[in-house]
Every structure is written in C-alpha cells, then in structure tokens.
Amino acid sequence: MTKLSVNINKIATIRNARGGNIPDVQQAAINCEQYGAEGITVHPRPDQRHITYKDVELLRPLITTEFNIEGNPTPEFIELVLKHKPHQVTLVPDEPGQLTSDHGWNTIRYKDFLRSIIKQFKEAGIRTSIFVDPDIEMVKHALDTGTNRIELYTESYACSFQTNKSAAIEPFIKAAEVANSIGLGINAGHDLNLDNLAFFIKEIPMVQEVSIGHALIADALYFGLNNTIQMYRKQLIQY
Ligand code: PXP
C-alpha cells in the first residue's frame with residue numbers, strides 16, 4: 001500500500017511567523033506518527049524560512065517511521081543529510097527563495113551532477129529519490145543517475161483534475177509505467193489533497209509513497225490533525 005509521509009514544513013512556517021515554539025514542530029512530528037503517518041518529510045530551504053537545520057537535528061532521533069529530507073543538493077544540504085542520515089533523501093531543483101518547488105530535474109542536463117551526489121548518499125546507506133516531471137525522457141534518464149526512486153511532481157495533475165481527471169492523470173500513468181519497467185521506485189507529491197489523491201492512487205497503484213504538506217495541514221485546521229491523517233490514509237486504501 002502507498003505510504004503517507006506528512007510534510008511538516010507548514011507547521012514550522014506558522015511557528016516562525018511569531019518566533020518562539022508554538023506550534024511545537026517536534027511534538028507535531030511525534031503526533032503525526034501517532035495518528036498514522038508512515039513517514040515525516042521536511043524540506044529545509046537555504047533561507048531556513050520553514051524547517052531549519054536545527055529542526056532537522058532535533059527531529060532525527062524522534063522519528064520512528066520513515067524520515068525523508070528533501071531539498072536542493074547544495075553543499076550545506078548534502079552535509080546536513082550525510083550528518084543526520086535520514087531513511088530517504090529527495091533531491092529537488094528549487095532555487096533559493098523560491099515559493100515552492102515548481103519543476104522536476106532535467107535528468108539529461110544534470111545527469112553527471114546527480115550521479116555524483118546520489119553515489120555519496122547511497123554509500124551512506126540513504127535511499128535516494130529525485131523529483132521529476134511526468135516526462136518519459138526525464139524518467140528514462142533518471143535511471144542513469146543511479147537513483148532508487150523518482151518522485152513524480154503532481155502539480156499539473158492537481159491543476160487539471162477538476163476539469164478533466166482522465167487527461168490529467170494520463171502523462172503520470174505513462175511515466176509511472178516507464179519507471180516501473182526500468183526498475184525505478186515511484187513516489188509522488190505536490191498539491192495532492194482529499195479530492196484528487198484517491199483517483200491518483202487508484203490509477204497508479206504502484207506509487208510507494210506520497211508526501212503531502214500544504215493541503216493536509218490546512219485540512220487539519222478544520223478536522224484536527226488526527227482525523228485528517230486518518231482521512232488521507234483512507235484515500236490510499238485500494239478496495
Ligand atoms: N514534494 C516536494 C518535492 C515538495 O517540494 C513539496 C512541497 O514542499 C511536496 C512534495 C509537498 O507538496 P504540498 O505541500 O503541495 O503537499
């Protein structure tokens with residue numbers, strides 16, 4: 001079954017709006033796991049405006065499920081990941097100061113760059129995933145980087161879901177079939193929510209993990225974190 005990794009960046013964003021420690025990011029991670037999250041994702045950006053490098057250090061010993069650190073592999077990020085050795089690292093080509101991730105890797109142009117970084121992480125025993133658009137060429141070339149998995153960037157699916165969900169999912173099905181046929185594991189994330197998640201997983205059941213932050217934390221304002229995590233996990237059940 002597809003695992004739910006909860007991205008807790010938004011909790012850090014609320015905390016950082018005031019300074020201090022409300023809400024408590026470490027406690028939130030513990031609670032997410034208690035309520036059924038099968039992983040915790042953090043995305044420390046270079047300006048540390050959400051999750052900070054200190055958060056990563058404090059969270060690492062607390063996580064009992066799967067810890068996924070995602071981000072652009074700057075020298076500082078690589079050092080952070082190698083120091084704290086999460087179960088998985090997800091490499092994302094986001095620029096400093098970027099509002100949120102908005103594109104996947106060009107796995108042809110950055111093949112050598114990715115390959116050398118991925119090698120370091122794999123030697124440290126860390127599973128690797130790279131963020132890619134649902135583009136068959138990019139998926140095929142991801143294999144040569146040595147990555148264990150790809151994370152399909154689902155924003156385009158989420159944007160078109162309401163108007164034409166069959167058309168919206170089509171490139172993702174094709175990309176996932178290619179990834180599967182060449183032995184790459186598949187994660188997915190970005191803008192997944194309670195409306196669009198179940199259809200995505202029904203159509204692409206081989207997705208191993210989704211990482212969800214923005215919509216899930218927003219839903220928790222209305223339903224509470226415990227209920228919300230149950231609701232998202234229900235979307236992942238295949239009947
Ligand atoms: N995957 C990656 C690589 C991301 O950068 C993000 C956002 O930080 C997500 C997944 C989660 O996206 P969302 O917050 O829209 O659920």
Side-chain angles (χ1 to χ4, degrees), residues 2-14 16 25 28-29 32 37-52 55-56 59 66-74 77 81 86 88-107 110 114 117 127-134 138-139 142 147-161 168 172 175 185-198 200-201 207-221 225 228-229 231-233 235-236:
T2 309
K3 286 187 174 171
L4 172 66
S5 184
V6 174
N7 178 319
I8 59 170
N9 263 48
K10 276 282 122 70
I11 295 176
T13 308
I14 298 173
N16 297 352
V25 170
C32 285
E38 294 149 306
I40 299 293
T41 292
V42 294
H43 191 141
R45 294 181 187 270
D47 58 10
Q48 304 192 49
R49 67 186 189 275
H50 308 140
I51 284 287
T52 64
D55 285 328
V56 174
L59 284 165
E66 182 201 276
F67 193 34
N68 175 43
I69 306 182
E70 58 182 36
N72 194 331
T74 59
F77 178 87
V81 173
Q88 176 175 271
V89 59
T90 301
L91 306 181
V92 187
D94 56 355
E95 303 300 325
Q98 200 170 305
L99 192 60
T100 183
S101 314
D102 67 358
H103 61 283
W105 287 100
N106 181 330
T107 55
Y110 291 101
L114 288 168
I117 291 165
R127 189 174 72 226
T128 61
S129 179
I130 59 174
F131 202 45
V132 292
D133 294 310
M138 293 302 136
V139 174
T147 192
N148 302 109
R149 295 189 186 181
I150 55 167
E151 179 179 329
L152 291 171
Y153 171 38
T154 48
E155 194 208 359
S156 61
Y157 163 74
C159 287
S160 310
F161 176 81
F172 289 86
I186 304 167
N187 295 341
H190 222 287
D191 297 298
L192 294 174
N193 60 37
L194 287 173
D195 291 330
N196 62 33
L197 180 58
F200 193 88
I201 296 304
V207 172
Q208 286 158 289
E209 178 183 298
V210 285
S211 83
I212 307 184
H214 185 79
L216 188 152
I217 301 301
D219 287 332
L221 292 174
L225 191 56
T228 303
I229 290 176
M231 290 160 84
Y232 274 81
R233 284 202 58 202
Q235 310 301 310
L236 300 173

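Residue numbers start at 1 and run along the sequence shown. All ligand and atom numbering here is 1-based and tracks the order in the structure. Note that this is a predicted model, so its numbers are computed, not measured.
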Does any part of the side chain of Asp55, heavy atoms only, come nearer than 4.5 Å to the side chain of Thr52, both counted from C-beta? yes

Return the CG to OG1 distance between Leu194 and Thr228, rounded to the nearest 0.5 Å. 7.5 Å

Does atom NE2 (His214) have a neighbourhood of more than 12 heavy atoms from anything else shown, all under 6.0 Å? no

Taking non-hydrogen atoms within less than 4.0 Å of ligand 1, which protein residues qualify? Asn7, His43, Arg45, Glu70, Val92, Thr100, Ser101, Phe131, Glu151, Gly189, His190, Asp191, Ser211, Ile212, Gly213, His214

Do the side chains of Val92 and Thr90 get nearer than 4.5 Å, heavy atoms only? yes

Do Asp94 and His43 have side-chain heavy atoms sitting under 4.5 Å apart? yes

Among Arg149, Lys3, Glu151, Glu70, the one residue meeting side-chain hydrogen bond (donor to acceptor under 3.5 Å, both in side chains) with Asn187: Arg149

